[in-house]
Number of protein chains: 2
Amino acid sequence: MKSGIAHIVDDDDAIRDALAWLLRSRGLTSQSWASAEAFLADYLPDMRGCLVLDIRMADMSGLELFDRLLALGCTMPAIFLTGHGDVPLAVQSLKKGAFDFIEKPCNDNDLVDRIIAALALDYEQRKHAASTQSIEVRLRSLTTREREVMDRVLAGQYNKVIAAELNIAMRTVEVHRSRIFEKMDVKSAVELAQLLAGGQQD
Amino acid sequence: MKSGIAHIVDDDDAIRDALAWLLRSRGLTSQSWASAEAFLADYLPDMRGCLVLDIRMADMSGLELFDRLLALGCTMPAIFLTGHGDVPLAVQSLKKGAFDFIEKPCNDNDLVDRIIAALALDYEQRKHAASTQSIEVRLRSLTTREREVMDRVLAGQYNKVIAAELNIAMRTVEVHRSRIFEKMDVKSAVELAQLLAGGQQD
DNA sequence: GGGGCGCTTGCGGATATCCACAATAGCCCT
DNA sequence: AGGGCTATTGTGGATATCCGCAAGCGCCCC
């Protein structure tokens, strides 16, 4: 399987080139942008890999870029590079979910290690998200009525009670119930409960 | 309900006193120690509140103390105080799970705010842990056989199948099953599945 | 107007689950 | 030896669930 690529955003040509060279020499793929704006313009939700962002850049900082990306639903791990040891900034970045915050100049091996770790994290995250999404797709295939019934099935109510609550016949509940199991690809209420509790709640 | 207290560990008498005074003036309770060793000696698992640790101390640093406490199962949020802006140290601390990392001198209001937030987090964490623990207590009250049956019930197997697998009569499975529901304080397999999936896995 | 889809219901039977009542047996501890 | 706990099984009945077969009704779209 193809691994993600490192998305480098730095307004310093020399650093971009050095990073690209370093990564290529270690067998990693990267792509570079000279500004936050440029990256944002190219950003696509299906990009995979990690971010390597310079904190201090003209116009838009790496941290602000990260904020924007988060708002766009980007989940790639971000490694921030900073030239001047600013503790509050580091704290702020990490609290926002940065993967790492590294001071320049830094050891090449360490940086590469962190990037590899970030790429691996992204891979794991996507693998996990895939299963969660498949659940959501199935959930969306349920009709309104089926959702209502499912909620009550998950609450452990008997078909009889559900029927009374929804003012429909028990047989109807049974039909919805089988359809729910069929659509959700489970064979019992227990499996359904585990599927939903294990993935993500409704 | 009583809120937790701030546990201050700093080898500088003046700072300890200043912090204690500041917190008391804001209606918060605190207790101070002059060294990591002293705190470790007094540490009890049922302490609640937050930690306010000086990073640089003789013998054992605040970070090392935090490590030791984590190993002891301590879950109190830790706020680190540092006098010299050391970015790698900040990054390291936060990655280890520090609640915050603040440079001295710092704004009193900000510090108090962070301490209040940490105390609130500890409260929430304990509230959540309480329910998880209650589940585990109940789980431990199950006999070996009951666990075996429960595992299979959660796998969605019919009593008949479970009975065949365990080489016992179906009736026996039914008995175990009711006992499981009774001990776990649920009334159906669905509830059981949700309880376990929602809390923590076996 | 016909067709697809969602929601509804009934009948009847095969299976499963839930439970009270009743009982046997092994193991550990006092 | 007796008591407590765990595991085991049976009988029999009340409830529930699972399903195939069959069908009516309303809504939306081509």
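Computed from heavy atoms alone, side chains included, the values below leave out hydrogens, waters and symmetry copies. Chain letters run A, B, ... following the sequence lines, proteins first, then strands; residues in each count from 1. All values derive from a computational prediction rather than experimental measurement.
Going from atom CZ of B:R177 over to atom C1' of D:dT6 covers 20 Å, rounded to whole Å. At whole-Å resolution of the value, CG in A:L142 and C1' in C:dC7 are 15 Å apart. As rounded to whole Å, 10 Å separates atom P of C:dC7 from atom CD1 of A:I180. With rounding to whole Å, A:E148 atom CD is found 14 Å from C:dT8 atom C1'. Rounded to an integer number of Å, the gap from CE of B:M170 to P of C:dC18 is 11 Å. B:H176 has its NE2 atom 15 Å from the P atom of C:dT17, to the nearest Å. Atoms CG (B:N167) and C1' (D:dT9) sit 14 Å apart, rounded to a whole Å.
Classified by interplanar angle (parallel below 30°, tilted 30° to 60°, perpendicular above 60°), the ring pair B:F39/B:H7 is perpendicular.
OP1 or OP2 of D:dT17 sits under 4.0 Å from a side-chain N or O of A:N159. Considering only side-chain N and O atoms, B:T144 lies nowhere under 4.0 angstrom from the phosphate OP1 or OP2 of D:dT6. Residue A:S178 places none of its side-chain N or O atoms closer than 4.0 Å to OP1 or OP2 of D:dC19.
Comparing A:V175 and A:F181 along DNA chain D, the residue whose closest nucleotide (by nearest heavy atom) sits nearer the 5' end is A:F181. Comparing B:R179 and A:R171 against DNA chain D, the residue whose closest nucleotide sits nearer the 5' end is B:R179.
The side chain of A:Y158 approaches D:dT17 more closely than any other nucleotide in the set D:dT17, C:dG6, D:dA7. Of the listed nucleotides (C:dT17, D:dA7, C:dT8), C:dT8 has the atom at the smallest distance from the side chain of A:I168. Closest approach to the B:K160 side chain among C:dG10, C:dA16, D:dT17 is made by C:dA16 (side chain taken as heavy atoms from C-beta onward).
Salt-bridge check for A:R145 with A:E148: passed, with a basic side-chain N closer than 4.0 Å to an acidic carboxylate O. Salt-bridge check for B:D100 with A:K95: passed, with a basic side-chain N closer than 4.0 Å to an acidic carboxylate O.
The side-chain heavy atoms of A:R26 and A:N109, taken from C-beta on, include a pair separated by under 4.5 Å.
At the heavy-atom level, A:T143 lies under 4.0 Å from the strands shown only through sugar-phosphate atoms.
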